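Computed from a predicted model, the values in this text were never measured in an experiment. Letters A, B, ... are given to chains in the order of the sequence lines, protein chains preceding strands, and every chain is numbered from 1.
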Amino acid sequence: SASTGVKDEL
Amino acid sequence: MNIFRLAGDMTHLMSVIVLLLKIHTIKSCAGISLKTQELYALVFATRYLDIFTDFISLYNTIMKLIFLASSFSIVWYMRQHKIVRRSYDKDQDTFRHLFLILPCLLLALFINEKFTFKEVMWTFSLFLEAVAILPQLVLLQRTRNIDNLTGQYVFLLGAYRALYILNWIYRYFTEPHYVHWITWISGLVQTLLYADFFYYYFNSWKNNVKLQLPA
């Protein structure tokens, strides 16, 4: 899901 | 956090600082597209809807606040500051926001990882960021003569995008389940938009002449 990993990026 | 990601964030931060420095010290925004700056403000406003609900790290929160505050203050300077706004190339900066915003919004409604308000807005911000530089590139093409700070601003933005691609490649090989097609494709499109500019930027740097784009 999009709520993990890439969501810590700006 | 890997070195590519950190370097990417730092070049992104530097691009904003260069732009604010130009506006604040020279009191000029000549060559800068207000359309692009307004689109960036919208990009950050729609992407960082999670800023107060999902805590990721102090670094993350502070950077988000910096990008929100800087993008909105640049827009404020260009629209409201009594000296800065006079240097705005209004007649040359004619790109229409809606031509970019509407397709991105429609695309985000159909292509997203989850159909919720926050997720659609997040996807919209990725699509919009990919094309938000277009009014700026059109303005550069029209004015042709580019001052150093404007050239550096666009160069730093492009470098930030290129470094983010390296960050994704690194994360793909080091983190399990790290697959994000929407982010990657929109990021790749965004970086490709800079290719032409980069070509002329490096040529002018190599030949040690002032950056000038062809008509």
key: Under the ring-ring contact (aromatic ring centres under 6.0 Å, His included) test, residues paired with Y77(B) that sit two or more places apart   = H81(B)

Engaged part of D54(B) at the chain A interface, taking heavy atoms whose separation is under 4.5 Å = neither

inquiry  = What I'd like to find out is whether the side chain of R142(B) reaches to under 4.5 Å of the side chain of T94(B), using heavy atoms alone.
reply    = yes

key: Engaged part of D9(B) at the chain A interface, taking heavy atoms whose separation is under 4.5 Å   = side chain

message = Quick check on Y199(B): does its OH atom have over 12 non-hydrogen neighbours (other residues, nucleotides or ligands) under 6.0 Å away?
response = no

task = For chain A, find which of I182(B), T123(B), N167(B) contributes the most heavy-atom pairs closer than 4.5 angstrom.
result = N167(B)

query = Does the ring of Y164(B) carry R161(B) above it, NZ/CZ under 6.0 angstrom from centre and within 45° of its axis?
reply = yes

